[in-house]
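Here is the structure we will look at, set down as structure tokens.
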Amino acid sequence: MGKGGKGEAAPAAVAGGEGENMAAWLVAKDTLKIMPFKLPPLGTYDVRVRMKAVGICGSDVHYLKEMRIAHFVVKEPMVIGHECAGIIEEVGGGVKHLAVGDRVALEPGISCWRCRHCKGGRYNLCDDMKFFATPPYHGSLADQIVHPGDLCFKLPDNVSLEEGAMCEPLSVGVHACRRAEVGAEKNVLIMGAGPIGLVTMLSARAFGAPRIVIADVDEHRLSVAKSLGADAAVKVSTSTEDLAGEIELIQAAMGGDIDVSLDCAGFSKTMSTALEATRPGGRVCLVGMGHNEMTVPLTSAAIREVDVVGIFRYKDTWPLCLDFLRSGKIDVKPLITHRFGFSQSEVEEAFEVSARGRDAIKVMFNL
């Protein structure tokens, strides 16, 4: 991509005479091909980055399987990927805070900075957002990309490029904890122990939550959550008939009030559990997007003055994420369970592993 660019697969000479710039293109349902990717011109405030670490997100897999997410439809070949970090290879004349050779994590969304949302500081809600691998804009699973310098964040010396790429999913957890007002006096329930549930759990702990209970349908995911520091893990079912009993189990596992619940799955049942389990006057944050429409006990929540908030991506999270990683308050390394190189066969295998789930949490490309 670079600057939200829309491009075509075409011969792509890389600056410096290094040969073609190659990228992983989503060309049809269940079909990825490594093909040339032409970079846009380097603008005054842009940088050219050689990608070194790119993670696979659930949204990448969804686009591969369905060619769409909600109203975002892949109508022509698109470069995939948005969780990324790399090394600066060239800087525009107006970029003063970065230099060639710097290792950086990239924030993947380019907002307009003119609309009321951007001017009000909530740029993640920008209607004109150009986001990596959200059609029609290309992503970052490529040898090199061009991106605005102010969306590239220099990595501390003790933070690896893989950890830098993990700032993107971690940002979801950080933004959710901010919206949910997680803090040192807030006991937290997390519904869902997938990758986003796990980074949200790690974020909640870094924000000071004294006790965290996590619930999921999968025993393996719960065991991972426990190993990462969850105080208690509760196995639940997908049946609404079990709802009342499971809420009792969750509340007992907490051993006190549930002040904040973060639903990282986003289904009718998980949201109903969160709303009913949270104490009067507490807060529920919907993070996951499993269902577009839900049937949930809103009236019951309203009369208990349970506040309900949502999130969309994140805003201004990379500096805090990098500080959490630098200080050791958050360790994302155990989440990276599978690693692949950047070849046609490895790209195909990596997406198959990520789509299967099972013991895969975060699948990472090393370029």
Side-chain angles (χ1 to χ4, degrees), residues 49 51-55 57 82-88 97-99 101-109 121 123-124 149-190 193-214 224-233 259-260 262 264 285 287 311 313-337 339 361-362 364 366:
V49 186
M51 292 289 94
K52 301 302 289 183
V54 181
C57 174
H82 62 270
E83 303 176 358
C84 55
I87 298 174
I88 301 289
H97 68 294
L98 295 170
D102 285 345
R103 302 176 314 124
V104 293
L106 285 71
E107 182 172 350
Y123 64 85
N124 57 311
D150 63 356
L151 294 175
C152 297
F153 298 85
K154 190 173 179 179
L155 299 182
D157 291 341
N158 66 335
V159 174
S160 70
L161 286 156
E162 286 189 339
E163 291 171 283
M166 289 295 292
C167 282
E168 199 281 337
L170 182 59
S171 286
V172 176
V174 166
H175 186 52
C177 286
R178 284 174 170 170
R179 289 277 288 156
E181 299 180 356
V182 173
E185 296 180 332
K186 304 286 182 68
N187 290 329
V188 172
L189 166 65
I190 294 175
I196 293 300
L198 294 174
V199 293
T200 302
M201 182 194 77
L202 293 174
S203 300
R205 185 68 81 201
F207 272 72
R211 187 165 177 82
I212 300 172
V213 173
I214 192 163
V224 172
K226 284 285 287 181
S227 72
L228 292 173
D231 295 294
D259 302 295
V260 172
L262 298 120
C264 298
C285 180
V287 181
I311 70 162
R313 295 174 178 152
Y314 33 68
K315 65 181 183 72
D316 192 29
T317 51
W318 260 253
L320 182 56
C321 288
L322 289 172
D323 188 61
F324 280 152
L325 296 174
R326 176 197 59 78
S327 65
K329 287 185 178 179
I330 291 180
D331 182 7
V332 293
K333 294 188 292 294
L335 299 179
I336 305 170
T337 55
R339 293 173 172 85
I361 300 174
K362 181 56 61 181
M364 185 73 66
N366 295 132

>> Ignoring hydrogens, what is the shortest heavy-atom contact between Pro210 and Asn187? Give both atom names and the distance.
In response: CG-OD1, 3.4 Å
> Using 4.0 Å as the upper bound for N to carboxylate O, is an ion pair formed by Asp231 and Arg205?
Replying inline: yes
>> Would you compute the distance between atom CD of Glu162 and atom CD of Glu83 and round it to the nearest 0.5 angstrom?
In response: 12.0 Å
>> Between Thr337 (side chain only) and Ile361 (backbone N and O only), is there a donor and an acceptor less than 3.5 Å apart?
In response: yes
> Pro334 and Leu228: which non-hydrogen atoms are nearest, and at how many Å?
Replying inline: CB-CD2, 3.9 Å
> Nearest heavy-atom pair of Ile88 and Leu98: which atoms, and what distance?
Replying inline: CD1-CD1, 4.2 Å
> Where do Ala165 and Ala53 come nearest, in terms of heavy atoms and distance?
Replying inline: CB-O, 3.7 Å
> How about Leu325 and Pro156: do any of their side-chain heavy atoms sit closer than 4.5 Å?
Replying inline: no
> Is a side-chain donor or acceptor of Arg179 paired with a backbone partner of Val287 at a separation under 3.5 angstrom?
Replying inline: no
> Can any side-chain N or O of Lys186 pair as donor or acceptor with the backbone N or O of Glu181 at less than 3.5 Å?
Replying inline: yes
> Roughly how far apart are Met51 CE and Leu161 CG, rounded to 0.5 Å?
Replying inline: 9.0 Å
>> For the CD1 atom of Ile214 and the SG atom of Cys264, what is their distance to the nearest 0.5 Å?
In response: 7.5 Å
> Heavy-atom distance under 4.5 Å between the side chains of Val188 and Phe207, does that happen here?
Replying inline: no
> Which of these passes side chain to side chain contact (heavy atoms under 4.5 Å, CB included) with Leu106: Val49, Val54, Leu151?
Replying inline: Val49
>> Less than 4.5 Å apart, side chain to side chain, heavy atoms only: is that true for Met166 and Ile336?
In response: yes
>> Walk me through whether Trp318 and Val104 qualify under side chain to side chain contact (heavy atoms under 4.5 Å, CB included).
In response: CA-CA 11 Å; Trp318 260 253; Val104 293; over 6 Å; no
> Any chance CG of Asp157 has more than 12 other-residue heavy atoms, nucleotides or ligands included, within less than 6.0 Å?
Replying inline: no
>> Taking Glu168's backbone N and O only, do any of them form a donor-acceptor pair with Tyr314's side chain (distance below 3.5 Å, no angle check)?
In response: no
> Rounded to the nearest 0.5 Å, how far apart are CG of Asp323 and CG of Leu320?
Replying inline: 6.5 Å
> Does a side-chain heavy-atom distance below 4.5 Å link Val332 with Lys362?
Replying inline: no
> To the nearest 0.5 Å, how far apart are NZ in Lys315 and CD in Glu107?
Replying inline: 11.0 Å
>> Could you measure the distance from the CE atom of Met201 to the SG atom of Cys177? Nearest 0.5 Å is fine.
In response: 11.0 Å
>> Within the structure provided, determine whether Cys285 and Val260 are in side-chain contact (heavy-atom separation under 4.5 Å).
In response: no
> Is Arg313 close to His175 at the side-chain level, that is, under 4.5 Å between some pair of heavy atoms?
Replying inline: no
> At their closest point, which heavy atom of Asp102 faces which heavy atom of His97, and how far apart are they?
Replying inline: OD2-O, 4.4 Å
>> Give me the atom names and distance for the closest heavy-atom approach of Ile311 to Ala176.
In response: CG2-CA, 3.9 Å
